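Scroll down for the structure; my scribbles are underneath it.
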Amino acid sequence: TNTIQFNNLSEGKHIVRVHLSNSLHNPPGNPEADITFSFNVNTGNVSAPIVPTVLNCGSIITQDSVLAQDVVGCNINAIDIGADNIVLDCNGHTISSNNGYYGVYNTRFDNITVKNCIIKGFNFGVTPLGLNSAGIFFYNGSDNGLIENNTVENNTMGIYLGVNSNSNTIRNNIANNNDVNGIYLFNRTMFNLVENNIANGNLLNGIYLDLESSNNSVIMNTANNNS
C-alpha cells in the first residue's frame, strides 16, 4: 500500500491522475492503466483558538476574549464592552468588587455574549448614571446578545437589561442574593428570552419586568425566597 499526501492545497477542485503499471491491479486485458480522481478542498471559515487573556479592572475589550485569571478588586467597572460582535468567556473565573459599579458593562453594542463568569460585589447602589449597579449590565439598545452560564451574586442587580435592549437571551444563569432584583428588564426592553435561570434569595424580586417591557418570554425559571 502506497500513501500520497498533499499539503497546502488551495480551495477548489483538484484532479489527480494515477498511472498503474502493476498488472495485478489493472483491468483485465490491459496491463497498464491511467485512473483519474477528482476532489474538492473547502477549508471553510476556520478560526484560530482564542488565547486566554489577562484583563485588569477597567479593561475595554474590542475582540473575543477568554479570561486567563480572575479580575478582582474593581472600584468602578471591571470590563467594558467596546465593539459589536464580541464573546467574553470568563472560563469559570471570577470578576469581583467591593462596592463597585458594573462587572460587565455594555451600552449600545449588539451581538455580545457573556458566558461562564462568576460576578459578585458590584453593589454600589445608584451610580452616577442614576441607575443601580449590577453584575451584568446591557443598556441603551444593546440587542441580540447572549448572557449564559453565569453566576451573579451579591450585587445590587444581578443581570440588568435596560432601555430598548431587545432580542437578547438570558439563559442558564444563577442570580441569587442580590440587593434588589436577580434579573431585571427595564424601560421598553422587549422580545427577550429569559429561560432556565435560578433567581433565589434576592431582596426584592427574583425576575422583574418593568416600564413597558413587553413581548418577552420568561420560561422554565426558578425563583424562590425573594422578598
Side-chain angles (χ1 to χ4, degrees), residues 55 57-61 67 70-82 86 88 90 93-109 112-143 145-166 168-189 192 194 197-211 213 216 218 221 223 226-227:
L55 296 179
C57 295
S59 293
I60 300 173
I61 61 172
L67 291 191
D70 296 345
V71 182
V72 300
C74 301
N75 294 324
I76 302 179
N77 296 350
I79 298 173
D80 286 8
I81 304 299
I86 288 175
L88 171 62
C90 291
H93 288 291
T94 296
I95 299 172
S96 68
S97 174
N98 183 11
N99 211 33
Y101 292 178
Y102 301 104
V104 178
Y105 178 85
N106 174 31
T107 178
R108 76 178 172 80
F109 293 109
I112 302 302
T113 295
V114 180
K115 64 181 183 179
N116 304 322
C117 302
I118 300 169
I119 303 177
K120 57 187 179 181
F122 292 88
N123 52 7
F124 181 86
V126 178
T127 71
L129 294 175
L131 303 167
N132 281 304
S133 54
I136 299 173
F137 183 73
F138 279 29
Y139 193 72
N140 197 22
S142 300
D143 298 335
L146 173 62
I147 299 172
E148 183 176 43
N149 296 331
N150 303 287
T151 298
V152 283
E153 297 182 326
N154 303 116
N155 306 285
T156 305
M157 300 281 192
I159 298 170
Y160 188 154
L161 266 63
V163 185
N164 300 312
S165 292
N166 303 323
N168 297 283
T169 297
I170 302 172
R171 182 172 60 206
N172 299 332
N173 301 283
I174 298 172
N176 294 342
N177 303 314
N178 295 286
D179 293 345
V180 182
N181 300 316
I183 298 173
Y184 184 44
L185 277 60
F186 171 75
N187 200 352
R188 300 184 305 279
T189 296
N192 298 285
V194 181
N197 301 282
I198 297 172
N200 295 333
N202 299 285
L203 293 184
L204 193 58
N205 301 288
I207 300 171
Y208 188 53
L209 282 63
D210 194 10
L211 285 180
S213 292
N216 296 286
V218 181
N221 300 281
N226 299 287
S227 300

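Worth saying up front: this structure is predicted, and the values here are computed from it rather than measured. Sequential numbering from 1 along the given sequence is applied to the chain's residues.
The side-chain hydrogen bond (donor to acceptor under 3.5 Å, both in side chains) test with Asn192 singles out one residue from Thr169, Asn166, Asn216, and that residue is Asn216. In summary, of the residues considered (Leu203, Ile159, Leu204), a side chain to side chain contact (heavy atoms under 4.5 Å, CB included) with Asn181 occurs for Leu204 alone.
Side-chain contact annotation: Asn173 with Asn197, donor-acceptor N/O pair under 3.5 Å present. The closest side-chain donor-acceptor pair between Asn226 and Asn205, if any, does not fall under 3.5 angstrom. Judged by distance alone, the side chains of Ser97 and Tyr102 never bring a donor and an acceptor atom under 3.5 Å apart. Under 3.5 Å, the side chains of Asn178 and Asn202 contain a donor-acceptor pair of N or O atoms.
In this structure, Lys115 NZ and Leu146 CG are separated by 8.0 Å, a value rounded to the nearest 0.5 Å. Atom CG of Leu131 and atom CE of Met157 lie 9.0 Å apart (nearest 0.5 Å). Between the NE2 atom in His93 and the CG atom in Leu55 there is a gap of 10.5 Å [rounded to 0.5 Å]. Taken from CG in Leu209 to CD1 in Ile183, the straight-line distance is 10.0 Å, to the nearest 0.5 Å.
No side-chain heavy atom of Val114 sits under 4.5 Å from any side-chain heavy atom of Ile79. Using a 4.5 Å cut-off on side-chain heavy atoms (C-beta onward), Ile170 and Leu161 make contact. Counting heavy atoms from C-beta on, the side chains of Ile174 and Val152 never come closer than 4.5 Å. The shortest distance between side-chain heavy atoms of Asn221 and Ile207 falls below 4.5 Å. Counting heavy atoms from C-beta on, the side chains of Ile95 and Leu67 come closer than 4.5 Å. Inter-residue side-chain proximity for Thr189 and Asn164 is flagged as unmet; no heavy-atom pair is nearer than 4.5 Å. Considering only heavy atoms from C-beta on, Ser165 stays 4.5 Å or farther from Asn140 through its side chain.
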Inset, instruction - Run the numbers on Ile112 and Val104 for side-chain contact (heavy atoms from CB on, under 4.5 Å), then give the verdict. - result: CA-CA 11 Å; Ile112 302 302; Val104 178; over 6 Å; no

Legend entry - Verdict with reasoning, Thr94 to Lys120, per side-chain contact (heavy atoms from CB on, under 4.5 Å): CA-CA 8 Å; Thr94 296; Lys120 57 187 179 181; 3.9 Å; yes

Inset, instruction - Would you please test Ile61 and Ile86 for side-chain contact (heavy atoms from CB on, under 4.5 Å) and show each step? - result: CA-CA 8 Å; Ile61 61 172; Ile86 288 175; 3.9 Å; yes

Inset, instruction - Show your reasoning for whether side-chain contact (heavy atoms from CB on, under 4.5 Å) applies to Thr151 and Cys117. - result: CA-CA 6 Å; Thr151 298; Cys117 302; over 6 Å; no

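Put simply, the side chain of Asn99 never gets that close to the backbone of Gly121: no donor and acceptor are under 3.5 Å apart. Here the side chain of Asn150 pairs a donor or acceptor atom with the backbone of Asn116 at under 3.5 angstrom. Side-chain atoms of Thr156 never come within 3.5 Å of backbone atoms of Asp179 as a donor-acceptor pair (strictly under, hydrogens ignored). Side-chain atoms of Asn177 do not come within 3.5 Å of backbone N or O of Asn154 as any donor-acceptor pair. The main-chain N or O of Gly145 is found under 3.5 Å from a side-chain atom of Asn168 such that the two form a donor-acceptor pair. A side-chain donor-acceptor contact under 3.5 Å links Asn155 to the backbone of Ile119. With hydrogens and angles disregarded, no donor-acceptor distance shorter than 3.5 Å links the side chain of Asn77 to the backbone of Asp80. Using a distance-only test at 3.5 Å, with no hydrogens or angles considered, a donor-acceptor pair links the side chain of Thr127 to the main chain of Leu129.
No more than 12 heavy atoms of other residues, nucleotides or ligands shown are found within 6.0 angstrom of CG on Asn75. Atom CD1 of Ile60 sits in a sparse spot, with 12 or fewer heavy atoms from other residues, nucleotides or ligands closer than 6.0 Å. In this structure, Asn172 places its CG atom where more than 12 heavy-atom neighbours from other residues, nucleotides or ligands lie under 6.0 Å away.
The aromatic rings of Phe137 and Tyr105 lie parallel to each other, with less than 30° between the two planes, well short of the 60° mark.
Ring centers of Tyr160 and Tyr184: under 6.0 Å apart, within the cut-off.
The two residues Phe138 and Ser142 have their closest heavy-atom pair at CB-CB, 4.0 Å. Nearest heavy atom pair, residue Gly206 against residue Ala199, reads O-CB, 3.4 Å. Nearest heavy atom pair, residue Tyr101 against residue Ser133, reads O-CB, 2.8 Å. Between Gly103 and Ala78 the shortest heavy-atom distance is O-CB, 3.2 Å.
In summary, Glu148 and Arg171 engage in a salt bridge, as defined by a charged side-chain N under 4.0 Å from a carboxylate O.
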